[in-house]
Amino acid sequence: MNHLRQLEAEAIHILRETAAECRRPVLLYSIGKDSGALLHLARKAFHPGPLPFPLLHVDTGWKFRDMYAMRDQVAADPALRLIVHVNPDGPARGISPVTHGAALHTEVMKTEGLKQALAAGGFDAAIGGARRDEERSRAKERIFSFRNARHQWEPRAQRPELWRLYNPRLAAGESLRVFPLSNWTELDVWRYIAQESIPLVPLYFSAPRPVVEREGRLIVRDDDRLPLEDGETPVLRRVRFRTLGCYPLTGAVESEAADVAGIIAELEASRLSERAGRAIDGEGGASMEAKKREGYF
Amino acid sequence: MGRPLLRVVTCGSVDDGKSTLIGRLADDLGQVPEDERRAVAARAADGRLDHALLLDGLAAEREQGITIDVAHRALNVAGRRILLADAPGHEGYLRNTVTAASTADLAILLVDAARGIRQQTRRHAVIAALMRVRGIVLAVNKMDLIGHDQGRFEALAEEFRRFAAPLGLEGLVSIPIVALTGGNLAARDPAMPWYSGPTLTEHLATAEPADSAAAPFRMPVQWISRPGPEFRGAAGMIASGRLRPGDAVRVMPSGSPATVARIVAPEEDRPEAVAGESVMLTLAEEVDCARGDILCEAGAPLEVADQFEATVIWMADAPLLSGRPYLLKLGTRTVGASVTEIRERLDVDTGGRLATRELALNEIGRCNLLTDRPIAFAPYAESRDLGGFILIDRLTNETAGAGMIRFALRRAANLRWQPLQVDRAARAALTGQRPRVIWFTGLSGAGKSTIANLVEARLHAMGRHTYLLDGDNIRHGLNRDLGFTEADRAENIRRIAEVARLMADAGLIVLVAAISPFRADRLAARERIGEEDFVEVFVDTPLSVAEGRDPKGLYRKARAGQLANLTGLGSPYEAPETPELHLDGTEPAEDSARRVMAYIDGT
């Protein structure tokens with residue numbers, strides 16, 4: 001058995017354990033490639049039955065239009081149930097990543113939004129597509145990651161995971177984050193997408209797009225939600241995205257890779273990490289860890 | 001792309017250069033992203049890349065300059081995927097080493113050539129042997145500090161071989177390295193032309209993980225799929241062996257025979273599946289098969305037992321004590337379990353054994369375990385998946401320990417339950433009362449015995465058959481061999497609960513008055529006696545009031561330093577969270593007794 005099949009078997013095992021042992025699991029669907037792979041694995045894990053849990057999209061209102069189109073396509077599948085949650089405080093306070101910056105926008109729309117949605121649905125386990133290779137504090141993450149009643153991650157309070165035995169038992173209010181793709185790398189996800197022909201948002205593939213350059217990042221102007229600064233004129237450049245976050249916060253990369261095979265070839269030659277283009281991770285070496293402690297996914 | 005992945009655990013401390021080794025290895029293999037290198041180099045005063053810093057992921061680790069938790073890292077070596085679990089070396093983190101070693105195919109033990117084989121290396125070797133890691137690499141680091149001396153390297157390798165041989169470690173390879181400069185990691189070190197063995201990456205590229213496909217078929221059932229009336233599938237990961245439609249299997253522990261009908265997959269059914277795959281299968285017969293069962297090759301069924309000897313690694317702050325109830329998860333089955341005897345403790349420094357009655361955090365011991373129902377298993381020596389288990393604390397839900405089954409104890413099979421003609425219901429009918437156990441808990445001086453006495457007198461006056469078990473009185477006889485350590489207190493309560501159960505079985509209304517300070521022990525008593533027959537009465541008296549009464553002069557002695565471990569002063573009292581009856585211990589005892597009577601009459 002090659003390693004990709006082993007990783008697939010492990011992810012399916014984790015998804016089934018979650019469904020069997022947790023009271024109300026939910027799969028966090030963020031429309032990106034990792035979510036796509038995760039959704040595909042979940043369908044496989046429970047075939048021919050339906051998914052025994054709903055999908056949840058914590059929307060920030062700042063996703064690319066193509067992402068919303070993809071989400072609508074998933075929502076239209078009668079075998080799936082998709083819940084969409086937007087933190088009402090964000091629009092009410094007029095929070096935007098453009099005017100308020102990445103930190104506040106993420107805190108309100110993603111971290112707080114996720115907590116609200118989990119509480120509203122009574123969910124005790126949120127399944128996500130995070131991987132250990134994404135960032136150094138993630139390398140210490142458990143597969144079943146324990147969060148206290150305030151959704152906080154306490155690195156010293158994590159449960160040891162031996163063999164394939166996970167302990168998902170919780171007291172009232174406590175919850176789990178479950179990461180079936182923990183041991184995958186970015187390339188593994190792409191190879192799996194190629195092998196299984198998993199549909200993706202076109203933004204991953206290179207195309208001429210209107211771009212402005214801000215603080216060294218290539219920002220695609222998806223529509224007029226992004227106001228132009230003085231002297232800025234969008235220029236058409238062949239770019240694609242390695243990760244998809246909120247659109248003014250995620251930088252594109254110049255690329256000629258227009259299909260999955262092209263992306264795999266490009267990644268094999270690349271020497272930059274996947275999150276190099278995201279504004280949210282840059283602020284200090286421990287910024288992701290600090291966000292996780294507050295309840296960021 | 002065809003090769004299976006290799007899981008590797010690295011053991012050693014910061015001093016041995018372990019973080020440097022892994023960081024350097026990843027960098028030499030071209031697998032540290034450029035932006036990550038820049039970020040780490042920017043933190044150094046001279047802008048040079050300190051490879052050790054590539055790994056420390058948590059803020060506390062960077063601040064303290066140590067590694068706290070297991071870090072996982074994927075590496076590609078000559079087209080083969082390596083999953084590295086990096087376990088911190090400090091004594092206090094033994095549980096991390098055990099966790100990381102539990103899935104490992106290969107362990108890299110790092111030693112500092114200048115310091116030689118130390119306690120810690122021996123400890124890691126003992127753990128690797130215990131967890132049955134198949135391959136061991138002794139990486140002798142900092143060879144540059146001893147002048148790349150072949151003689152000293154060989155002496156170290158030989159010293160380790162002699163230590164490792166009796167532990168049963170196989171596949172031992174020693175490699176001289178210089179982690180700082182990458183010597184003999186990805187490239188040969190020209191300073192050691194005398195070394196002709198494999199470099200570390202050569203060894204990682206060729207080492208083979210265990211292959212359990214040739215063993216008999218076993219699959220713990222994870223999930224039963226029943227999307228409609230016409231389909232019933234059993235899903236799980238195959239622990240060992242192969243599976244084909246038409247294979248004869250048994251559902252354990254019931255032993256029911258069945259035949260595999262289909263291996264279901266989204267596009268089309270599969271003709272075969274092997275160990276390590278997650279599958280969904282259907283059975284031709286309608287047999288009872290649920291999560292927790294294990295499907296086995298019909299000709300090689302698993303053993304079934306409810307008593308085991310096991311090696312237990314303790315991971316919780318509170319010690320493991322005999323008689324305490326835990327949950328045991330093995331495969332996909334979770335059952336109630338307790339340790340009936342702690343036989344000995346493993347000295348991880350020497351591999352020797354010491355006598356003990358309890359296991360503290362980070363200790364490893366041999367124990368006898370009892371599960372509340374029979375389970376199917378394989379000895380850990382045969383199967384990690386069917387012989388390894390975790391113990392979960394029932395109150396905190398923590399993973400409190402892990403264990404490995406050595407063998408089943410046959411006592412349960414040999415000691416047959418003698419069927420009796422007169423049963424509990426018959427005895428109860430003759431007395432015309434509902435037998436049960438009224439359990440009074442509270443501090444010394446709370447008023448337990450006083451209230452229990454009053455209740456018994458009233459019951460007696462009504463013509464009821466009763467017995468009062470008073471904690472103090474029992475310590476004069478049945479429990480006179482027990483002291484007041486936590487382990488002895490647990491055993492004290494276990495014995496009282498057993499006696500109370502027998503008496504209730506005989507038809508009596510049993511009153512127990514015992515401090516019984518620990519929640520876990522009262523929970524064990526409740527389970528032994530049975531939820532419907534157990535009435536927990538909390539006599540809630542503030543410490544100051546109980547101490548003021550001090551009927552036995554114990555508080556005075558304790559305050560004078562003549563008595564250790566008195567509950568409330570030297571030893572904790574864990575108040576019940578949801579007792580059947582919560583009494584205010586400051587009210588007159590007569591009033592409390594009336595409340596207990598009202599409860600007994602009303603239920």
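The sequence lines fix the lettering, A, B, ..., with proteins before strands; numbering per chain opens at 1. Side chains included, hydrogens not; waters and symmetry mates left out as well; all remaining heavy atoms used.
Using a 4.5 Å cut-off on side-chain heavy atoms (C-beta onward), B:Lys329 and A:Arg169 make no contact. Between A:His3 and B:Arg3 the shortest side-chain heavy-atom distance does not fall below 4.5 Å.
A donor-acceptor pair is defined here as one N or O able to donate and one able to accept, closer than 3.5 Å; no such pair exists between the side chain of B:Asp385 and the backbone of A:Trp163. The backbone N or O of A:Leu162 sits nowhere less than 3.5 Å from a side-chain atom of B:Thr99 that would complete a donor-acceptor pair. Within the 3.5 Å criterion, the main-chain N or O of A:Ala20 finds no donor-acceptor partner in the side chain of B:Gln222. A:Gln6 places no side-chain N or O within 3.5 Å of a backbone atom of B:Pro4 that could act as its donor or acceptor partner.
Within the 4.5 angstrom heavy-atom criterion, only backbone atoms of B:Ala275 (N, CA, C, O) approach chain A. For a residue to count as touching a neighbouring chain, one of its non-hydrogen atoms must lie under 4.5 Å from one of that chain's; by this rule B:Ala100 does not touch chain A. Heavy atoms of B:Arg384 lying under 4.5 Å from chain A belong to its backbone as well as its side chain. At a 4.5 Å heavy-atom cutoff, the contact between B:Leu83 and chain A is made by side-chain atoms alone. Residue B:Met315 touches chain A through its side chain alone, counting heavy-atom pairs closer than 4.5 Å. Looking at B:Val279, the atoms closer than 4.5 Å to chain A (heavy atoms on both sides) all sit in the backbone: N, CA, C or O. Proximity to chain A (any heavy atom under 4.5 Å) is shown, for B:Arg394, by neither the backbone nor the side chain. In this structure, chain A has no heavy atom under 4.5 Å from any part of B:Leu6.
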Practice problem: Quick one: do B:Glu398 and A:Arg159 satisfy side-chain contact (heavy atoms from CB on, under 4.5 Å)? Show the steps, please. | Solution: CA-CA 7 Å; B:Glu398 280 181 309; A:Arg159 295 168 178 173; 5.5 Å; no
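Look at A:Asp188 and B:Arg81 and you find a salt bridge, because one of the NZ, NE, NH1 or NH2 atoms lies within 4.0 Å of a carboxylate O, short of that distance.
The candidate with the highest count of non-hydrogen atom pairs below 4.5 Å against chain B, out of A:Ala45, A:Pro50, A:Ala19, A:Pro168, is A:Ala19. Among A:Glu161, A:Gln158, A:Arg43, A:Glu8, the residue with the largest count of heavy-atom pairs under 4.5 Å with chain B is A:Glu161. Interface remark: of the candidates A:Asn167, A:Leu170, A:Asn183, A:Asn167 forms the most heavy-atom pairs closer than 4.5 Å to chain B.
Nearest approach of B:Ala235 to A:Arg16, heavy atoms of both residues: CB-CZ, 3.4 Å.
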